[in-house]
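Read through the structure below, which is laid out as structure tokens, and then see the notes.
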Protein chains: 2
Amino acid sequence: MNISEVAERSGLPSKTIRYYEDVGLIAPGRSANGYRSFAETDLHKLAFLGRARSLGFTIDECRRLLALYEDRGRASADVKKLAEGHLEDIDRKIAELTEMRRTLSHLVHCCAGDGRPDCPILESLAKGAV
Amino acid sequence: MNISEVAERSGLPSKTIRYYEDVGLIAPGRSANGYRSFAETDLHKLAFLGRARSLGFTIDECRRLLALYEDRGRASADVKKLAEGHLEDIDRKIAELTEMRRTLSHLVHCCAGDGRPDCPILESLAKGAV
DNA sequence: TCTTGACCTTCCAGTCACTGGAAACATTAT
DNA sequence: ATAATGTTTCCAGTGACTGGAAGGTCAAGA
């Protein structure tokens with residue numbers, strides 16, 4: 001398979017696939033003409049990577065997930081540990097965003113949003129009061 | 001004031017303050033020795049920026065907020081519009097993270113996390129089923 | 001056969017908001 | 001005089017791509 005077919009079937013842009021090769025996540029063969037030549041296993045890996053990325057795993061976590069996936073002797077505990085760590089990252093981000101949301105939403109509700117210059121949003125940013 | 005005092009009082013690292021000058025958010029004066037010389041108004045702006053950034057506004061949004069803040073003839077509607085746009089960004093991010101969390105949390109709960117290799121997390125990544 | 005167009009390659013630069021570090025000059029303390 | 005600290009500029013790196021340029025390859029049609 002050439003790259004565009006793999007892109008189509010994996011749902012990843014060609015650019016991203018080349019990037020994944022660059023960072024060592026995949027290692028497709030090459031045809032005589034220099035084109036990348038993808039096997040089914042490459043496609044499978046790319047689909048795996050696409051799903052892992054869509055769950056927010058970093059490239060480095062994806063690398064480790066892929067290694068675990070290919071290790072027949074893995075312990076599921078190792079996978080779970082990795083996933084739990086990522087879950088904590090997600091929870092931290094959600095908490096941070098939720099706190100931003102809370103503050104900002106309050107300010108927005110306090111703002112008349114009319115033609116006058118008085119604005120509690122700017123006042124809060126200026127004075128530090130929430 | 002020299003940069004380290006401003007850093008201390010604004011809570012922003014010196015590096016960040018220099019960066020904010022680079023991108024045109026502030027324009028402190030200079031002493032004869034070439035050191036930046038910050039006035040109270042610079043400090044005030046930096047504190048404003050720090051709070052805006054902590055609410056997740058981008059640098060560009062901060063620039064616009066600062067411009068509105070300094071415009072006596074502003075309409076609070078413009079500030080509110082900006083803040084509401086940002087609130088929508090936040091909501092999108094929260095929704096995305098929450099969906100990740102939902103899926104991943106389910107997988108984690110399905111995984112035994114023991115010494116055996118069978119792992120629903122990897123299986124899901126491999127096969128695409130959630 | 002030639003040409004057009006689609007495909008592929010590599011390499012470089014840009015994104016965002018910093019952050020780290022090097023080299024050199026200024027100031028302050030001992 | 002020396003050492004320690006503070007400041008300057010500039011360059012490079014972060015993560016995970018993304019866009020674009022310059023050029024090689026291939027299949028189809030006139």
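Below, chains carry the letters A, B, ... as their sequence lines are ordered, and counting in each starts from 1.
The side chain of Tyr35(A) has dC26(D) as its nearest neighbour among dC26(D), dT18(D), dT8(D). You'll find that the side chain of Lys15(A) is closest to dG20(D), out of dG20(D), dT7(D), dC17(D).
Taking side-chain N and O atoms only, Arg36(B) has no distance below 4.0 Å to OP1 or OP2 of dT7(D). Applying the 4.0 Å criterion to OP1 and OP2 of dT25(D), one finds that Arg30(A) has every side-chain N and O outside that range. Listed pair Ser4(B) / dT7(D) meets the phosphate criterion, a side-chain N or O lying under 4.0 Å from OP1 or OP2.
Salt bridge Lys81(A)/Glu84(A): absent, no basic N to carboxylate O contact under 4.0 Å. A salt bridge is absent between Arg92(B) and Glu96(B): the closest approach of a Lys/Arg side-chain nitrogen to an acidic carboxylate oxygen does not fall below 4.0 angstrom. Using a 4.0 Å cut-off between a side-chain N of Lys or Arg and a carboxylate O of Asp or Glu, Lys45(A) and Asp42(A) do not qualify as a salt bridge. A salt bridge links Arg30(B) to Glu21(B): one of the charged nitrogens lies within less than 4.0 Å of a carboxylate oxygen.
Using a 4.0 Å heavy-atom criterion, one finds that Tyr20(A) contacts the sugar-phosphate atoms exclusively. Arg18(B) comes within 4.0 angstrom of a nucleotide base, judged by non-hydrogen atoms across all strands. At a threshold of 4.0 angstrom between heavy atoms, the contacts of Thr58(A) are confined to the sugar-phosphate backbone, with no base atom among them.
Both Glu5(A) and Phe57(B) lie near DNA chain C, and the one whose nearest nucleotide falls closer to the 5' end is Glu5(A). Where Ala32(A) and Thr16(A) each meet DNA chain D at their nearest nucleotide, the meeting point lying more 5' is that of Thr16(A).
With hydrogens and angles disregarded, no donor-acceptor distance shorter than 3.5 Å links the side chain of His86(A) to the backbone of Leu104(B).
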Does the salt bridge (charged side-chain N to carboxylate O under 4.0 Å, His left out) test come out yes or no for Arg18(A) and Asp22(A), once each step is laid out?
CA-CA 6 Å; Arg18(A) 290 194 194 100; Asp22(A) 264 8; over 6 Å; no
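Scanning DNA chain C 5' to 3' for nucleotides with an atom closer than 4.0 angstrom to a non-hydrogen atom of chain B gives a first and last hit of dA17(C) to dT27(C).
One can place CD1 of Ile3(B) at 19 Å from P of dT5(D), the figure rounded to the nearest angstrom.
A donor atom on one side chain and an acceptor atom on the other are found under 3.5 Å apart for Ser76(B) and Asp114(A).
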